[in-house]
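What follows is a set of notes on a single structure, which appears directly below.
Bear in mind the structure is a predicted one, so any value in this text is a computation, not a measurement.
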Amino acid sequence: MLRLKHHSLDLRHFDSTVLQAREALGAGLPREAAQLLSEATQLWNGPALADVRATPILNGYARQLEERRNATYERRLELELGLGRHSELNGELYGLVHDHPMRENLHAYLMIALYRSGRIRECLKAYSNIRQALVEEIGVEPGALLRNLHRAVLSREARLDDPGQGLLTSSPS
């Protein structure tokens with residue numbers, strides 16, 4: 001048995017920091033929550049359990065950890081967009097969609113960040129890229145979220161310019 005101090009294990013530190021972010025958000029402090037989520041995701045360096053992933057019994061657990069990290073990362077991006085930090089996120093989002101080409105939420109965040117940065121052509125290209133990848137690789141169209149966002153961009157809907165607007169909820173078609 002290995003006994004560690006509470007924050008000796010990065011996962012414990014990660015969980016504690018994510019909990020603090022939730023509390024900050026519940027207290028109406030989105031800037032602090034975004035900062036805490038950023039700190040939590042910075043604890044990761046490469047894939048979860050990378051050194052022992054060849055052990056079949058740990059594959060499922062590693063996948064769970066990866067999903068927790070991805071959900072935390074996406075929540076931070078959503079908060080950052082809500083705070084109007086779209087221009088600062090463009091480069092990071094391009095890297096993320098490259099690393100995770102089938103994660104539709106990441107493409108939506110990229111589209112929103114580009115749109116709010118006045119880069120409409122690139123925003124529409126981002127949609128075209130994910131649509132083409134989904135159709136060619138798995139034979140499906142983008143989900144309602146991306147389709148509705150694409151329509152909103154084409155129509156230049158005013159809600160897209162409002163950082164406080166919850167844009168990652170699908171509006172009716």
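- Among residues two or more places apart in sequence or in another chain, the salt bridge (charged side-chain N to carboxylate O under 4.0 Å, His left out) test is passed with Glu141 by Arg131.
- Taking 4.5 Å as the limit, some side-chain heavy atom of Leu77 sits within range of a side-chain heavy atom of Leu96.
- Proximity of Leu160 to Leu149: side-chain heavy atoms (C-beta onward) are separated by under 4.5 Å at one or more points.
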For residues 30-40, which side-chain N or O atoms pair as donor and acceptor with protein atoms under 3.5 Å away, sequence neighbours left out?
from  : atom 1 : to    : atom 2 : distance (Å)
Gln35 : NE2    : Glu39 : OE2    : 3.2
Ser38 : OG     : Gln42 : NE2    : 3.0

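- Not a single donor-acceptor pair under 3.5 Å links the side chain of Glu104 to the backbone N or O of Leu145.
- Residues satisfying the side chain to side chain donor-acceptor pair (under 3.5 Å) criterion with Asn90, sequence neighbours excluded, are Ser117.
- Follow the hydrophobic side-chain contacts under 4.5 Å out from Leu124 and you reach Leu106 in the same cluster.
- Shortest non-hydrogen contact noted between Ala113 and Leu93 is CB-CD1, 3.8 Å.
- By the salt bridge (charged side-chain N to carboxylate O under 4.0 Å, His left out) test, Arg68 is found to be paired with Asp15, residues two or more places apart in sequence or in another chain being considered.
- Between Arg63 and Glu66 there is no salt bridge, since no side-chain N of the basic residue sits under 4.0 Å from a carboxylate O of the acidic one.
- Note: the hydrophobic cluster containing Val18 does not contain Leu29 (ILVMFWY, side chain heavy atoms under 4.5 Å, direct or indirect links).
- Counting all heavy atoms, side chain and backbone alike, Met111 lies closest to Ala126 at CG-CB, 4.0 Å.
- Contact check for Leu65 versus Phe14: no side-chain heavy atoms found under the 4.5 Å cut-off.
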Could you list the donor-acceptor pairs under 3.5 angstrom formed between side-chain atoms of residues 132-140 and any protein atom two or more places apart in sequence or on another chain?
from   : atom 1 : to     : atom 2 : distance (Å)
Gln132 : NE2    : Glu136 : OE2    : 3.0

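- Between Leu25 and Leu79, some side-chain heavy-atom pair lies under the 4.5 Å cut-off.
- Applying the side chain to side chain donor-acceptor pair (under 3.5 Å) test to pairs two or more places apart or on separate chains, those with a residue in residues 94-103 are Glu74-Arg103, Tyr94-Glu122.
- Each of Leu43 and Leu19 belongs to its own hydrophobic cluster when Ile, Leu, Val, Met, Phe, Trp and Tyr are linked at side-chain heavy-atom distances under 4.5 angstrom.
- Checked by atom type and distance alone, the side chain of Arg116 never pairs as donor or acceptor with a backbone atom of Ser87 at under 3.5 Å.
- Contacts of Arg76 classified as salt bridge (charged side-chain N to carboxylate O under 4.0 Å, His left out), with partners at least two apart in sequence or in another chain: Glu80, Glu92.
- Interatomic distance, Arg69 CZ to Leu11 CG, rounded to the nearest 0.5 Å: 12.0 Å.
- By the ring-ring contact (aromatic ring centres under 6.0 Å, His included) test, Tyr73 is found to be paired with no residue, residues two or more places apart in sequence or in another chain being considered.
- Every pair passing ring-ring contact (aromatic ring centres under 6.0 Å, His included) that includes a residue from residues 120-150 is listed here, sequence neighbours excluded: Tyr127-His150.
- At distances below 3.5 Å, at least one donor-acceptor pair connects side-chain atoms of His107 with backbone N or O atoms of Pro101.
- Within the 3.5 Å criterion, the main-chain N or O of His13 finds a donor-acceptor partner in the side chain of Thr17.
- For Arg156, the side-chain contact (heavy atoms from CB on, under 4.5 Å) criterion is met by Tyr115, Ile120, not counting sequence neighbours.
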